[in-house]
Number of protein chains: 2
Amino acid sequence: MATTTATRGIYAKTPERRAEILDAALEVFADAGFRSGSLREIADKAGMSQAGLLHHFGSKKRLLAAVLEHRDEINMGFFDLNSRDGLAYMRGLLRLVAHNCSVPGLVEVYCQLSAEATSADHPAHDYFAARYVRIRKIMADSLRDVDAKGFLREGSDPDEVARDVLALSDGLQVQWLFAGKSFDMTRVLRRYLAEHITVEL
Amino acid sequence: MATTTATRGIYAKTPERRAEILDAALEVFADAGFRSGSLREIADKAGMSQAGLLHHFGSKKRLLAAVLEHRDEINMGFFDLNSRDGLAYMRGLLRLVAHNCSVPGLVEVYCQLSAEATSADHPAHDYFAARYVRIRKIMADSLRDVDAKGFLREGSDPDEVARDVLALSDGLQVQWLFAGKSFDMTRVLRRYLAEHITVEL
DNA sequence: GTCTATAATGCGATAGAC
DNA sequence: GTCTATCGCATTATAGAC
């Protein structure tokens, strides 16, 4: 891929271009999902031709993979990755949910993509399956840490609560999208967590 | 295919034909969603041509509407519609969830369709928006009845619990589909309800 | 009531000029 | 790095024969 360099001027625009395409793809996948969202529409939004777009990502599947990877990196920013403190993790989760409320398009992407990826042959199926396992584990471990510190309510099972919190988050997003973003997901989630964690979050 | 029969007797097969098509459509929409599922594939499954299929339903959108209507009627069967007893409703809900566990394809349909219908211009958007409002109201009313009979836990708000139960159900379905149907959704839901309802379900 | 044929559109991907 | 042009295929819907 030739790229950058020497003879050819100084404008290594590729990274910016890729970023623009990723933003456009996110928008389109949010509205139409992966299967029905078209490369042409993404290309239009990014201000280039469909062929030009494929020059950067090769295929529609690889574009999807890049979008998901990119979002994961950004979402990581809401958590203190060096900490194993359970309460800190839960606070990070609430920060992430609060942030999501300000970017409904992003909520729509995950809602839409995760649902269509339940089909076994969907390009993102394995990604989402692994993601759910990973998140449940991190959350359960966090709750075990909360328990070790004496802040988990008697009788609450970390694995069960982890599953419930994740399910509740997903389900709330659907209702939130249908109800015109008219309630506060953070509040609902915080109230639920208060039923299992005995310290203020 | 000429079909059966002599000259062409009395066979008003239309109702059966429509039912076959609805079953096929459900299967295809479950695998691919509405937008990506094709009439041709549905027609193939129903053993007829795509044009023959459209003779019965006119358009893809109308077929979708018929599928949703049909499922709603069937789901009604799990509830005692003449009763306003809150506990009876909750038991009906658990029966419905238990039944759903035996038809994963059906769970996939609602999961997939409800997600893509979050887009405001989706043909089923209004249907799902109204459905969420309706179900939340019925459930909250049921919980108020439970409360009136003294079986709601102190401090539990019927409207909040209704939203949570619905969100939990939706979210659990996604995890259930990704995890290879490997846990018991009924058990999880019953355990959650036990946190708010003080009598055995 | 079902079919074949086809219209009209849209898709992802590739080839090749610049 | 971006474009135009195009291939090959799939889609929804309609027209008209039987």
Side-chain angles (χ1 to χ4, degrees), chain A residues 1-25 28-29 31-67 116 119 121-124, chain B residues 1-22 24-25 27-29 31-67 116 119 121-124:
Chain A
M1 42 254 27
T3 45
T4 74
T5 55
T7 54
R8 189 167 267 315
I10 322 79
Y11 63 117
K13 285 245 191 184
T14 299
E16 286 87 341
R17 238 11 186 154
R18 283 179 59 104
E20 285 168 19
I21 293 170
L22 286 178
D23 285 346
V28 170
F29 290 157
D31 273 3
F34 170 73
R35 282 196 268 228
S36 297
S38 81
L39 292 179
R40 183 169 305 273
E41 197 181 343
I42 296 168
D44 284 353
K45 263 196 218 295
M48 67 190 314
S49 74
Q50 182 248 32
L53 187 161
L54 279 183
H55 167 76
H56 292 278
F57 290 96
S59 80
K60 198 188 184 190
K61 283 185 192 183
R62 283 213 285 272
L63 173 58
L64 173 61
V67 167
E116 66 179 333
S119 305
D121 62 342
H122 191 281
Chain B
M1 218 39 34
T3 45
T4 69
T5 45
T7 48
R8 160 187 299 286
I10 325 82
Y11 61 119
K13 285 244 192 187
T14 299
E16 287 86 340
R17 238 17 187 146
R18 283 179 60 102
E20 285 167 19
I21 293 168
L22 286 178
E27 250 185 89
V28 170
F29 290 157
D31 273 4
F34 169 72
R35 282 195 268 230
S36 298
S38 81
L39 293 179
R40 182 170 303 274
E41 196 180 344
I42 296 169
D44 285 351
K45 262 196 217 298
M48 66 189 317
S49 75
Q50 181 249 31
L53 186 161
L54 278 182
H55 167 75
H56 291 279
F57 289 96
S59 79
K60 197 188 183 188
K61 283 184 192 184
R62 282 213 285 272
L63 173 59
L64 173 61
V67 167
E116 65 178 327
S119 305
D121 62 342
H122 191 282

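Labels below follow one simple rule: chain letters A, B, ... track the order of the sequence lines, proteins then strands, and each chain is numbered from 1.
For the pair A:Q50 CD and C:dC11 P, the interatomic distance rounds to 9 Å; values are reported in whole Å. Look at CD on A:E16: it is 11 Å from P on D:dT2, rounded to the nearest Å. One can place CG of A:D44 at 14 Å from C1' of D:dC3, the figure rounded to the nearest angstrom. Distance CD1 (B:I42) to P (D:dT11): 10 Å, rounded to an integer number of Å. To the nearest angstrom, C1' of D:dT2 lies 13 Å from CD of A:E20. Rounded to whole Å, atom P of C:dG1 lies 11 Å from atom CZ of B:R18. Regarding B:R35, its CZ atom lies at a distance of 18 Å from the C1' atom of C:dT9, rounded to whole Å. Look at CG on B:L39: it is 9 Å from C1' on D:dA13, rounded to the nearest Å.
Exactly one of A:V67, A:D23, A:I42 qualifies for a side-chain contact (heavy atoms from CB on, under 4.5 Å) with A:V28. That residue is A:I42.
The distance from the CZ atom of B:R18 to the CG atom of B:L53 is 10.5 Å, given to the nearest 0.5 Å.
Ranking C:dA13, C:dC11, D:dA13 by closeness to the A:L54 side chain, first place goes to C:dA13. For A:S38, the side-chain atoms get nearest to C:dG12 when compared with the rest of C:dG12, D:dT11, D:dA13. Here the side chain of A:R40 is nearest to one of C:dT2, C:dC11, D:dT2, namely C:dC11. Nearest to the side-chain atoms of A:A51 among the listed nucleotides D:dG1, C:dA15, C:dG12 stands C:dA15. Of all nucleotides listed (D:dT12, C:dC11, D:dT2), D:dT2 comes nearest to the side chain of A:H56. Side-chain proximity of A:H55 to the nucleotides D:dA13, C:dT2, D:dT2 is greatest for D:dT2.
For D:dT2, the OP1/OP2 oxygens have a side-chain nitrogen or oxygen of A:R17 closer than 4.0 Å. Close to C:dT2, at under 4.0 Å from its OP1 or OP2, lies no side-chain N or O of B:S49. Residue A:T14 places at least one side-chain N or O closer than 4.0 Å to OP1 or OP2 of D:dG1.
Checking side-chain atoms of A:K60 against main-chain N and O of A:G37 turns up a donor-acceptor pair under 3.5 Å. Judged by distance alone, with hydrogens and angles left aside, the side-chain atoms of B:S119 form no donor-acceptor pair with the main-chain N or O of A:A32 at under 3.5 Å. Judged by distance alone, with hydrogens and angles left aside, the side-chain atoms of B:E116 form a donor-acceptor pair with the main-chain N or O of B:F34 at under 3.5 Å.
When each of B:G58 and A:G52 is assigned the nucleotide of DNA chain D bearing its nearest heavy atom, the one mapping closer to the 5' terminus is A:G52.
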